[in-house]
Amino acid sequence: MTTSRAPDEVGPDRAGGSSAAGPRTRSRWHPTLGDLADATLGLITTALGLGAAISLVDGIAAPGPAGVLLAAVLVSAGDLLVRAPLRALARVLGAMGALLLGLVGQVAIAWAALMLVPGIEVTGAGAVPVVIVLSAVVMAAGRWLIGANDSDYVIGDVLRRARNKARRAGAVPHPDRPPGLLVVQLDGVSEPVLREAVEAGLAPTMQRWLTEGTHRLETWWARVPSTTPASQAGLLHGDSTPVPAFRWWDRGLGRLVVTNHPADAALVEERLTSGRGLLAGGGTAVQTMFTGDAARSYAVMSRARTRGPDGSGAGLGPGADFVRFFASPFVLARAVSLTVGEMVKELYQARRQHVRGVEPRISRGGWYVLLRAVTNVLMRDLATSLVAEAVVRGDPAVFVDLVDYDEIAHHAGPTRPESMRALEGLDRVLRTLEHALAVAPRAYRVVVLSDHGQALGATFEQVEGCSLLETVRALMAEPDAAGLESGTGEDWGPLNALVTSVTGSAGSSAVGPDARERSGREPAGTPDVVVVGSGNLGLIWFPRADHRLVLEELEERWPGLVAGLASRPAIGAVVVDTAARGLVAFGARGFVTLEDPDGDGEGEDPLAGYGPRGRADLARAARLPHTGDLLLVSRVTERGHVHAFEGQVGSHGGIGGAQNRAMLLHPTDWPVDDDLRTRVGDERLLVGAEAVHEQLVRWARRHGLRDGLDDAPAAPLEEVSP
């Protein structure tokens, strides 16, 4: 359970900053007062946990505190003795085998310790597992009350092994260690939200890095689609063009592709990979969508259906690497217990929003309660353990995605109290990983970034009273049936005239029976329309056509569809390709062409409220290979709110609000290259995940982490895909 720093671990270099303090001398490793204090703390909390549990559980009794203390000593000793054989077995049985071995090992160790202590009586068959769970809760609460970082206990064994290895080598980590790169993604955290959290004291570790000057916080622009699969495709593989949204209709496959389905994630990675991803050359990916060509991957979506090199299934990774998490006394029990506590907390916070009348808000029940608990406790602790293993092992580059904040912000709102407090847990992970970096064989530099931000707002359905799919189907059947302001269509007649001015004709002479006859000849079983939402980005396909339909064809088949969508109060712009003028964005009172350098259009510019990147981002998104026949973005209110086409009060995927202002916290002496920046209004930013990928690759290359990987020239960064 030792978590204190080695004697020479001083100065900003802990967090991957500058080594301005100069060389550190080699010396033999020896326990420090901090080591002894932490070991004592661990023993005391274990004893207190056991004592409290024994006093509460029927079927087990102890004679006094001395017996409990001895049991705590035996539990710690047993943990050390069984770890090696458990690892050997886990190599054969895989990750799930490691889980079962860990559970059995925890019960066996506790049972043996309690049975060996004179005077302790175990009479109930189920008493020991209950004691383990209750002890874990008491230990976690005890460490929290005294101000200790509870996450440190998760990697205590990893640190102990690393220090023992250093002791046997007769040296402590030295500045001439080879470099390494650790990238920590805080999913969904925008740069403005992180700054607010730092000022509020919710992120003391990152605040310390900024105060000491080891790191600098910047904004990078997450282009449309500002969603995790697209951003991680760009960050890890340098190409996000195959990903037009979180899910999309693939005309070639004739089905919907959903990136959080393992088979589809694997398909997307096949389209992405060049063998030279960010983690190529021996890196490790933890809890990501794609591997980045990593040698090791743990809980990575695109590998979730593959088997690991040791035969482990479910894409979790080598089973032996999970033993320290699953088999450490009380670690798994602690995680499960705190997971239940997180569920209770979510129910309370959701009820509090309802009682206080917080708006906008959505229902926060169902499976989300369990999902939040698992991601915020169990998966976060597991990821922390796996990253610590990777850096202590000395993997050259490590990338981990922590999704705590993003999950809560979707349901509570990006700046609501429960969302901001989630950043406390993420900051504790960074502080815990600092301890692992201090004893790692490489001098790791830490880069913390996000894949996008989030924007607040009532959902499309809350504003309109019906879903986007229902709106589209009503307009396809009969424009006036969609609940438009006038049954006669007079109110949106000027908008229809604008559409007609683009197509060059009325576009209504070949509808009715002719359109129905044409659709009757199309393949049975293929849906007539597919509508998906990625935050406030909506995509619409008409799959029975074998090509992307242009405006003229749409007006011929469903006259008034585009105008009807553009007139909806919750929709800000509808982007469609045209035979006459290329891409055109329609709004309620005007349109603008997207590919004309002069910005040809009529009436009000529908993209005026989307900032300086609105036109370029939507033009690129509308030319992605698998994009929809129609691309929609919701209206952005004066307060910067958007309207998600999904059931999310905090959303991302399109443009508007803070969802595009992702954050990049990087070592100060690793500056961002000026030639990678693009002007965005009054700022010069990295624009697109591809630019961030290129910067990460350059940093890695300059420090010898990509020798031999980048001999062939990489494709140039493109602002707008052809």
Side-chain angles (χ1 to χ4, degrees), residues 223-227 229-230 233 240-259 264 268 271 460 467-476 499 502 522 526-558 561-566 568 570-579 582-587 591 594-595 606-607 610 614-615 617-634 642-646 651-655 720-722:
R223 295 182 296 193
V224 180
S226 53
T227 189
S240 64
T241 55
V243 185
F246 189 87
R247 56 185 69 83
W248 64 90
W249 182 266
D250 188 306
R251 276 195 164 94
L253 299 176
R255 66 175 178 85
L256 202 65
V257 173
V258 185
T259 51
D264 287 347
V268 174
R271 297 172 175 176
F460 176 87
S467 69
L468 179 60
L469 175 60
E470 292 169 334
T471 301
V472 171
R473 284 200 176 280
L475 285 166
M476 290 172 66
V499 174
V502 173
E522 289 161 344
T526 302
D528 59 339
V529 62
V530 172
V531 178
V532 304
S534 284
N536 78 317
L537 171 69
L539 296 175
I540 303 172
W541 291 264
F542 302 97
R544 293 179 181 175
D546 61 2
H547 62 283
R548 185 184 184 192
L549 298 177
V550 296
L551 177 62
E552 290 81 355
E553 293 172 298
L554 290 168
E555 281 295 288
E556 181 182 358
R557 298 183 182 208
W558 302 287
L561 171 62
V562 173
L565 288 171
R568 304 313 302 149
I571 293 178
V574 179
V575 179
V576 60
D577 200 7
T578 71
L583 292 174
V584 176
F586 286 96
F591 74 87
L594 300 184
E595 296 170 313
L607 304 184
Y610 296 96
R615 185 170 174 177
D617 274 21
L618 292 175
R620 174 186 178 274
R623 287 299 184 201
L624 294 176
H626 300 288
T627 197
D629 299 301
L630 293 174
L631 182 151
L632 292 71
V633 286
S634 82
V642 301
H643 306 302
F645 298 110
E646 305 171 279
S651 67
H652 57 85
I655 188 170
V720 180
S721 299

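The basis for the numbers below is simple: all heavy atoms, side chains too, and nothing from hydrogens, waters or symmetry mates.
With a 4.5 Å cut-off on side-chain heavy atoms, Pro229 and Val268 do not count as touching. Val550 places none of its side-chain heavy atoms less than 4.5 Å from the side chain of Leu554. Two residues are said to be in side-chain contact when any heavy atoms from C-beta on lie closer than 4.5 Å; Ser467 and Phe645 fail this criterion. Side-chain contact check for Leu594 versus Leu607: some heavy-atom pair is nearer than 4.5 Å. Using a 4.5 Å heavy-atom threshold, the side chains of Leu469 and Thr471 count as separate. By the 4.5 Å heavy-atom criterion applied to side chains, Val633 and Tyr610 are counted as neighbours. Residues Leu631 and Val576 have side chains not in contact (no heavy-atom distance under 4.5 Å, counting atoms from C-beta outward).
To the nearest 0.5 angstrom, Glu646 atom CD is 5.5 Å from Ser534 atom OG. Atom-to-atom distance recorded for Leu630:CG and Leu549:CG is 8.5 Å, nearest 0.5 angstrom. Note that NE2 of His626 and CG of Asp250 are 5.0 Å apart. Values are rounded to the nearest 0.5 Å. Atom CZ in Phe460 sits 9.5 Å away from atom NE2 in His643 (nearest 0.5 Å). Expressed to the nearest 0.5 Å, how far OG1 of Thr627 lies from CZ of Arg620 amounts to 10.5 Å. Put simply, CZ on Phe542 and CH2 on Trp558 are 5.0 Å apart, with the number rounded to the nearest 0.5 Å.
When all heavy atoms are compared, the tightest approach of Phe246 to Thr227 is CD1-OG1, 3.8 Å. The two atoms that bring Ile655 and Asp617 nearest to each other are CD1-OD2, 4.2 Å, heavy atoms only. Of all the heavy atoms in Ser240 and Ala233, the pair that sits closest is CA-CB, 4.0 Å. Contact between Gly654 and Val224 at its shortest, heavy atoms only, is O-CG2, 3.4 Å. Nearest approach of Gly628 to Trp541, heavy atoms of both residues: CA-NE1, 3.2 Å. Listed here is the closest heavy atom pair of Pro543 and Val530: CG-CG2, 3.6 Å.
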Where do Asp629 and Arg251 land on the salt bridge (Lys or Arg N to Asp or Glu O under 4.0 Å) test, with the steps shown first? CA-CA 11 Å; Asp629 299 301; Arg251 276 195 164 94; 2.9 Å; yes
Val575 and Leu632: side-chain contact (heavy atoms from CB on, under 4.5 Å), yes or no, with the steps? CA-CA 6 Å; Val575 179; Leu632 292 71; over 6 Å; no
Residues Arg473, Asp528; criterion side-chain contact (heavy atoms from CB on, under 4.5 Å); working and verdict: CA-CA 10 Å; Arg473 284 200 176 280; Asp528 59 339; 3.2 Å; yes
Residue pair Arg623, Leu583: steps toward the side-chain contact (heavy atoms from CB on, under 4.5 Å) verdict: CA-CA 9 Å; Arg623 287 299 184 201; Leu583 292 174; 3.6 Å; yes
Take Trp248 and Val243 through the side-chain contact (heavy atoms from CB on, under 4.5 Å) test and state the conclusion after the steps. CA-CA 8 Å; Trp248 64 90; Val243 185; 3.8 Å; yes
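By the salt bridge (Lys or Arg N to Asp or Glu O under 4.0 Å) test, Arg548 is found to be paired with no residue, residues two or more places apart in sequence or in another chain being considered.
Of the options Leu468, Val532, Val531, a side-chain contact (heavy atoms from CB on, under 4.5 Å) to Leu539 is made by Val532 and by none of the others.
Between the Glu552 side chain and the Ala579 main chain, a donor and an acceptor come within less than 3.5 Å of each other. Thr241 places no side-chain N or O within 3.5 Å of a backbone atom of Leu624 that could act as its donor or acceptor partner. Ser226 places a side-chain N or O within donor-acceptor distance of the main-chain N or O of Gly653, the cut-off being under 3.5 Å.
Salt-bridge formation is detected for the pair Asp264/Arg255: a Lys NZ or Arg NE/NH1/NH2 atom is positioned less than 4.0 Å from an Asp or Glu carboxylate oxygen.
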